[in-house]
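All heavy atoms count here, side chains included; hydrogens, waters and symmetry mates do not.
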Amino acid sequence: MLILNKTAGVFSKPSKRNMYEFLRSFNFHPGKLFLHKLVLGIETSCDDTAAAVVDETGNVLGEAIHSQTEVHLKTGGIIPPVAQQLHRENIQRIVQEALSASKVSPSELSAIATTIKPGLALSLGVGLSFSLQLVDQLKKPFIPIHHMEAHALTIRLTNKVEFPFLVLLISGGHCLLALVRGVSDFLLLGKSLDIAPGDMLDKVARRLSLIKHPECSTMSGGKAIEHLAKQGNKLHFDFKPPMQRAKNCDFSFSGLHHIIDKMIMQKEKEEGIEKGQILSSAADIAAAVQHTVACHIAKRTHRAILFCKQRDLLCQSNAVLVVSGGVASNLYIRKALEIVTNATQCTLLCPPPRLCTDNGIMIAWNGVERLRAGLGILHSTEGIRYEPKCPLGADISKEVGEAAIKVPQLKMKI
């Protein structure tokens with residue numbers, strides 16, 4: 001029995017009979033011979049149920065995903081028990097679809113890789129529970145995956161990128177800068193001290209009631225801000241990027257969110273409208289918010305590059321900055337980072353948008369990377385636990401702050 005976390009409560013395991021029936025449902029291919037090792041990846045850390053089969057050369061043989069975005073848009077945010085229930089309802093179907101699309105029978109898998117940290121406790125529990133039953137029935141090795149490690153390594157599936165490289169992970173739940181020295185060798189340079197940028201953009205979109213805007217009604221908050229910002233003037237509002245005096249690589253977004261919230265309230269009074277109605281200046285606010293977030297992220301990343309080069313942790317020329325996570329698909333923020341990489345003789349690389357958001361492919365690929373390196377492959381799952389909060393790598397952010405590197409001013413003409 002797994003008593004994993006007080007916050008998680010007791011989650012229900014699929015019965016052995018159900019798992020047996022599930023495995024029996026597959027068509028076997030006795031004449032088919034797979035020359036490469038195959039990994040099934042399972043992802044349920046937040047609000048997407050995803051699975052994929054990837055071989056050791058990086059070929060994606062099959063994938064499936066069930067997004068909960070539509071449900072959470074209606075509730076104004078992710079409600080963990082709702083996310084948990086939706087994962088429970090969909091995980092078996094999603095794994096079945098990924099395996100069927102790959103034409104791989106479960107017995108042909110080399111290992112099963114599953115996100116076990118960090119994330120929403122109730123969501124992680126569903127993926128782990130299902131995976132442990134599968135591992136038990138199939139007698140296959142289990143590879144526990146750190147969600148942020150998977151995001152960081154995705155670029156090595158799509159591009160030929162050697163270690164070391166710098167990674168910026170920006171999403172709705174995470175924001176960090178790390179030096180990637182190996183498959184499970186990370187140096188944490190800085191992280192958000194409060195909320196993540198995607199979370200802040202979602203909150204601003206909700207406060208502006210962009211779901212009521214005809215052009216944004218089906219978009220997530222971050223996408224709605226990006227879309228509306230194209231029609232706005234960023235100079236109409238002057239929001240100062242956070243932490244300008246702190247010479248480190250940490251981030252902060254909650255103070256900025258508070259200032260924006262107060263300003264929206266003031267504009268509502270000026271325009272004589274109630275909370276919940278759309279301001280005439282909504283597009284200008286979206287543009288100014290996006291620009292401020294982009295400048296804040298760009299400056300911290302610039303300092304991280306300078307620090308790594310100063311300490312010979314990255315090559316002086318042709319160093320690589322990888323940007324991943326849901327917010328990495330924001331093209332405005334990406335352009336701000338391009339200005340930084342051009343100024344520092346670095347190459348900016350981003351996985352394709354569908355691999356920036358949570359997916360099963362990145363989990364399976366992380367499993368492949370670990371399988372090849374012989375790292376963290378479990379043949380016994382006794383005592384395995386999920387971890388809702390879990391840092392990435394060795395934290396050297398204090399050392400970064402002590403270096404107090406001054407960042408040259410760059411013109412953010414985007």
Side-chain angles (χ1 to χ4, degrees), residues 38-69 94-95 97-99 101-102 113-115 117-119 123 127 143 145-163 165-178 180 183-184 186 196-198 219-220 222-223 226 297 320-335 337-338 341 347-372 392:
L38 307 167
V39 175
L40 168 67
I42 297 174
E43 157 64 24
T44 64
S45 68
C46 189
D47 62 336
D48 288 318
T49 314
V53 178
V54 175
D55 74 15
E56 65 183 322
T57 66
N59 287 321
V60 179
L61 303 180
E63 64 167 314
I65 189 163
H66 178 267
S67 174
Q68 302 177 6
T69 304
I94 289 301
V95 171
E97 283 178 14
L99 285 165
S102 68
T114 303
T115 307
K117 59 189 175 184
S123 293
I143 307 174
I145 299 295
H146 191 299
H147 186 76
M148 306 316 290
E149 178 179 298
H151 270 305
L153 297 177
T154 302
I155 198 70
R156 284 168 50 86
L157 171 70
T158 59
N159 298 67
K160 193 175 179 182
V161 179
E162 300 297 328
F163 301 117
F165 60 88
L166 186 65
V167 68
L168 168 68
L169 299 177
I170 40 176
S171 68
H174 307 278
C175 184
L176 62 85
L177 276 160
V180 189
V183 171
S184 67
F186 290 77
M219 296 177 182
S220 66
K223 285 285 177 198
E226 184 179 8
I297 290 171
V320 172
L321 168 67
V322 172
V323 185
S324 193
V327 178
S329 60
N330 181 301
L331 295 180
Y332 191 92
I333 292 172
R334 212 182 277 194
K335 281 175 186 170
L337 291 164
E338 269 176 23
T341 53
T347 301
L348 175 66
L349 294 176
C350 302
R354 72 188 187 94
L355 295 182
C356 280
T357 51
D358 295 351
N359 61 86
I361 294 171
M362 70 179 194
I363 306 305
W365 174 248
N366 196 168
V368 167
E369 289 261 42
R370 283 183 162 269
L371 200 60
R372 290 193 306 203
L392 179 69

Can you confirm whether [X] sits close enough to [Y] that some side-chain heavy atom of one is under 4.5 Å from a side-chain heavy atom of the other?
| X | Y | result |
| --- | --- | --- |
| L337 | I297 | yes |
| E43 | N359 | no |
| F165 | L349 | no |
| V53 | L99 | yes |
| P118 | H174 | yes |
| I65 | I94 | no |

Check whether any side-chain N or O of [X] sits under 3.5 Å from a backbone N or O of [Y] as a donor-acceptor pair, and report yes or no.
| X | Y | value |
| --- | --- | --- |
| T115 | S45 | no |
| S123 | G119 | no |
| W365 | A150 | no |
| N59 | L61 | no |

- Message: To the nearest 0.5 Å, what is the distance between CG on L38 and OG on S102?
- Response: 7.5 Å

- Item | Distance (rounded to the nearest 0.5 Å) between L168 CG and L177 CG | 5.0 Å

Can you give me every donor-acceptor pair (side chain of residues 320-328, partner residue at least two apart or in another chain, under 3.5 Å) with its distance?
none

Contact summary for [X] and [Y], nearest pair of heavy atoms:
| X | Y | answer |
| --- | --- | --- |
| L157 | G58 | CD1-O, 3.1 Å |
| V183 | F163 | N-CZ, 3.6 Å |
| T158 | P351 | OG1-CA, 4.5 Å |
| G367 | A113 | CA-CB, 3.9 Å |
| R372 | E56 | NH1-O, 2.9 Å |
| S171 | A196 | O-CB, 3.4 Å |

- Note on the structure: With sequence neighbours left out, the residues meeting side-chain hydrogen bond (donor to acceptor under 3.5 Å, both in side chains) with D358 are H147, H151

- Under the side-chain hydrogen bond (donor to acceptor under 3.5 Å, both in side chains) test, residues paired with R334 that sit two or more places apart: none

- May I have the step-by-step check of side chain to side chain contact (heavy atoms under 4.5 Å, CB included) for T154 and L355, ending in yes or no? CA-CA 7 Å; T154 302; L355 295 182; 3.9 Å; yes

- Contacts of E338 meeting salt bridge (charged side-chain N to carboxylate O under 4.0 Å, His left out) (sequence neighbours excluded), chain-then-number -> none

- Query: So R354 and I361, side chain to side chain contact (heavy atoms under 4.5 Å, CB included) or not? Walk me through it.
  - Reply: CA-CA 10 Å; R354 72 188 187 94; I361 294 171; 3.7 Å; yes

- List the steps, then state whether side chain to side chain contact (heavy atoms under 4.5 Å, CB included) holds for E226 with S329. CA-CA 10 Å; E226 184 179 8; S329 60; 5.6 Å; no

- Task: Begin with the C-alpha distance, continue with both residues' side-chain angles, and end with the deciding distance and a verdict on side chain to side chain contact (heavy atoms under 4.5 Å, CB included) for I333 and I170.
- Result: CA-CA 10 Å; I333 292 172; I170 40 176; 4.2 Å; yes

- salt bridge (charged side-chain N to carboxylate O under 4.0 Å, His left out) contacts in which one or both residues fall within residues 45-55, not counting sequence neighbours: none

- Item | Contact list for residues 148-159, test salt bridge (charged side-chain N to carboxylate O under 4.0 Å, His left out), sequence neighbours left out | E149-R370, R156-E369

